[in-house]
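Note that the structure is a prediction, hence the values are computed from the model and not measured.
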Amino acid sequence: MKLTWILVIALAGATAGLVFTRLEGDAPLIQGRTTEAYVGDRHARDFRIVDHGMGLRRVRVWVEGGDGEPRELLTQEYDGNPLMGASL
């Protein structure tokens, strides 16, 4: 009976540790690296996306035009695993 309680407590501790490491408190940061552009101007826009937690699994960039329709500019997938996160 004592061994059962020890195993239950150890399993609960391991589960709590795994949940704590997987649930991150901070969202990824998106930083613009170029100046703002005005409507009608053609220009390139550079972004830096940083995640201090488990890393990023996917990055998607969308813009919304004057007609209100969203347009996908980029989708990038990164390899990783559920325990260690993304590997770049």
Visitor: Can you tell if the side chain of Y78 reaches within under 4.5 Å of the side chain of V59, non-hydrogen atoms only?
Guide: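 Y78 vs V59: side chains touch.
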
Visitor: Just how far is it from atom CD of E64 to atom CD of E69, taken to the nearest 0.5 Å?
Guide: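 Result: 8.5 Å between the selected atoms.
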
Visitor: Does any non-hydrogen side-chain atom of L29 lie less than 4.5 Å from one of I49?
Guide: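 No - every pair of side-chain heavy atoms lies 4.5 Å or more apart.
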
Visitor: My understanding is that only residues two or more places apart in sequence, or in another chain, count here; which of them pass salt bridge (Lys or Arg N to Asp or Glu O under 4.0 Å) with R60?
Guide: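 For R60 there are no salt bridge (Lys or Arg N to Asp or Glu O under 4.0 Å) partners, ignoring immediate neighbours.
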
Visitor: So for atom CH2, which belongs to W5, do other residues, nucleotides or ligands contribute more than 12 heavy atoms lying within a distance under 6.0 Å?
Guide: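 For W5, atom CH2 is not crowded (no more than 12 foreign heavy atoms under 6.0 Å).
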
Visitor: Can you list everything that forms a side chain to side chain contact (heavy atoms under 4.5 Å, CB included) with L11? Sequence neighbours excluded, please.
Guide: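 Listed in chain order: T15.
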
